[in-house]
Amino acid sequence: MKEFIKNYLAEHYDDYVRDLEILTNIDSGNGDREGTEAANKFVAEKMEALGAVTEFRYNDRACHLISRLEGKGKLTVLLVAHVDTVFNRGEAAKRPFRLDENGFAWGPGVGDDKATVVEVIYGLQALKAAGFDDFKEIIYYTNGEEEGGSKTAEAIVAELSQQSDFAIIMDVARPNWGIVTQRKGNAKYRIEVTGIGGHHGNASQHCANAIHQLAYTITELHKLASPMPGKPEDFTAEALKARGIVDAGQFIPQNTVNVGVIGSANDKISVIPGDAYCEVNVRCFSVAEQQRLDAAIKALENKIVIDGTSVKVSGGIVTGPMEKTPQVQKMVDVYKKIVKDEFNGEVSEWVAGGLTDGNRTAKYIPTLDALGVENYDEHTDHESVDLKTAVPRTAAFALTLAELTKVF
């Protein structure tokens, strides 16, 4: 089966490129319901040709597609990709899909995530042509709101995850056979301090400065964060490259606590502020650490150093981390072996501070992330995808899917 799948995908490479061109030239920006519907109708047509049953779901901002293929095996596989992009309507007309002489494709959303959306279709085509049906069901969810997130998308992912045995997140890949095996979870907080305002000179003895208390609270927040690896200038992409270091996210701190917004209703230097607030984003790699930090941040309500002030903490954990569990390690090992045996490649494991739908599936089932085609400079007007990786990456994905149905 391995040689058949590799040969099938090589023979259908031109078809893959034509389909990628069609999909890339469909404007489907985040929040564009009509555009995401057009993109998902294209996907649905391809999936129905494979024998899938398709279901469209809508909200005010997007169209979502769930495609289901039935097999004869025991396990259900969840595949997740997304058709939305960060670009506005009209972008595809300004810079339509093009393929250059070096095998790179260009266009809005060409790599994030349209090359990978099509990759899944061709991987499933190859498996079907090879006669593979050793699965109970393959569910392919093409999210219409991944770039901005939504309650609709989160609910669909949660629903489908609970119907499945494991998930493969088909998002953009890291270079040189890179995949993502850990992602940070996300928590958000608002800290509000109430003090006693008044004239700085004449009434200071019966006032309480809310900003001073907030400054102390922020200092306590800073103590919760993991230390940085060193001077910022030593860890830019250029600085690491100059030192011969391949960046796979290994310098990302275990947890980060970021005060991103700070403010007060007061705008006069001679007035003691009676209110102050900040908004905080917290990210970390493990559920246990996320829970520890959540408790520590909420306990700051009881740490008062400015008499007359009070502290209120609202918010909490939003999305859990994508942890590398023993079951995930099994998935990684399968992928690494296939890449080594079939392509003589070495897989690099990346960690990431950003979130994908992998964070949400990982709450329920083992999850492997970033098995897409290799992409560069996503979310920019010079985004590109290396189509030289399309056939090997698609073959590795398809073979991994088939092998994982035997492992779990």
Side-chain angles (χ1 to χ4, degrees), residues 148-149 182-236 239 249-323 351-355 359 363:
Q182 296 180 78
R183 287 187 181 275
K184 284 185 174 180
N186 180 39
K188 295 179 181 180
Y189 302 89
R190 181 180 173 92
I191 298 177
E192 297 172 295
V193 179
T194 300
I196 303 171
H199 189 288
H200 175 212
N202 294 332
S204 57
Q205 70 276 12
H206 58 76
C207 293
N209 192 310
I211 288 179
H212 286 187
Q213 174 60 47
L214 182 63
Y216 169 79
T217 302
I218 290 174
T219 299
E220 292 299 297
L221 284 170
H222 179 71
K223 292 177 182 177
L224 296 173
S226 298
M228 294 295 110
K231 295 179 180 178
E233 61 266 27
D234 292 335
F235 293 89
T236 65
Q250 68 269 37
F251 298 109
I252 296 174
Q254 287 299 303
N255 71 62
T256 46
V257 180
N258 182 58
V259 178
V261 178
I262 189 169
S264 170
N266 179 55
D267 62 358
K268 301 291 189 300
I269 193 171
S270 60
V271 173
I272 293 175
D275 72 279
Y277 73 92
C278 69
E279 294 181 0
V280 189
N281 187 228
V282 178
R283 301 195 181 197
C284 56
F285 284 117
S286 76
V287 172
E289 180 68 355
Q290 195 174 48
Q291 292 172 345
R292 184 188 74 82
L293 290 170
D294 183 69
I297 290 169
K298 289 174 179 175
L300 291 175
E301 288 187 339
N302 303 317
K303 294 188 175 183
I304 306 298
V305 297
I306 304 297
D307 288 339
T309 64
S310 62
V311 176
K312 177 185 176 183
V313 179
S314 57
I317 296 169
V318 178
T319 306
M322 190 183 86
E323 292 188 277
V351 299
L355 284 71
N359 290 76
K363 180 179 178 179

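The first residue in the sequence is number 1, and the count goes up from there.
Side-chain contact between Val311 and Ile191 is present, with at least one heavy-atom pair separated by less than 4.5 Å. With contacts defined as side-chain heavy-atom distances shorter than 4.5 Å, the pair Pro273/Asn209 qualifies. Counting heavy atoms from C-beta outward, Pro321 and Val287 have side chains that approach closer than 4.5 Å. Here the side chains of Arg183 and Leu355 are not in contact, with every heavy-atom distance at 4.5 Å or above.
Scanning all heavy atoms of the two residues, the minimum distance from Met228 to Pro253 falls at CE-CG, 3.3 Å. Of all non-hydrogen atoms in Gly195 and Ala210, the two that sit nearest each other are N-CB, 3.9 Å. Listed here is the closest heavy atom pair of Ala296 and Leu224: CB-CD2, 3.8 Å. Listed here is the closest heavy atom pair of Lys303 and Tyr216: O-CE2, 3.6 Å. Heavy atoms only, all atoms of each residue included: Cys278 and Val259 are closest at CB-CG1, 3.8 Å. Of all the heavy atoms in Cys207 and Ile272, the pair that sits closest is CB-CD1, 3.7 Å.
Partners of Lys223 according to the salt bridge (Lys or Arg N to Asp or Glu O under 4.0 Å) rule, which considers only residues two or more places apart in sequence or in another chain, are Glu220. Applying the side chain to side chain donor-acceptor pair (under 3.5 Å) test to Arg190 and every residue at least two apart in sequence or in another chain returns Glu192, Glu279. With sequence neighbours excluded, no residue forms a side chain to side chain donor-acceptor pair (under 3.5 Å) with Ser310. For Asp294, the salt bridge (Lys or Arg N to Asp or Glu O under 4.0 Å) test picks out Lys298, with sequence neighbours left out. For Glu323, there are no salt bridge (Lys or Arg N to Asp or Glu O under 4.0 Å) partners at least two apart in sequence or on another chain. Remark: Lys188 engages no residue in a salt bridge (Lys or Arg N to Asp or Glu O under 4.0 Å) (not counting sequence neighbours).
Each of Glu289, Met322, Arg283, Gln254 was scored for a side chain to side chain contact (heavy atoms under 4.5 Å, CB included) with Lys184, with one residue passing: Arg283.
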After noting the C-alpha distance and the side-chain angles of Ile262 and Ile218, does the key distance pass the side-chain contact (heavy atoms from CB on, under 4.5 Å) rule? CA-CA 10 Å; Ile262 189 169; Ile218 290 174; 3.7 Å; yes

As a quick check of understanding, evaluate side-chain contact (heavy atoms from CB on, under 4.5 Å) for Asn255 and Leu293, giving each step before the final call. CA-CA 9 Å; Asn255 71 62; Leu293 290 170; 3.9 Å; yes

Hey, mind stepping through Gln250 and Val351 against side-chain contact (heavy atoms from CB on, under 4.5 Å) and telling me if it holds? CA-CA 7 Å; Gln250 68 269 37; Val351 299; 5.8 Å; no

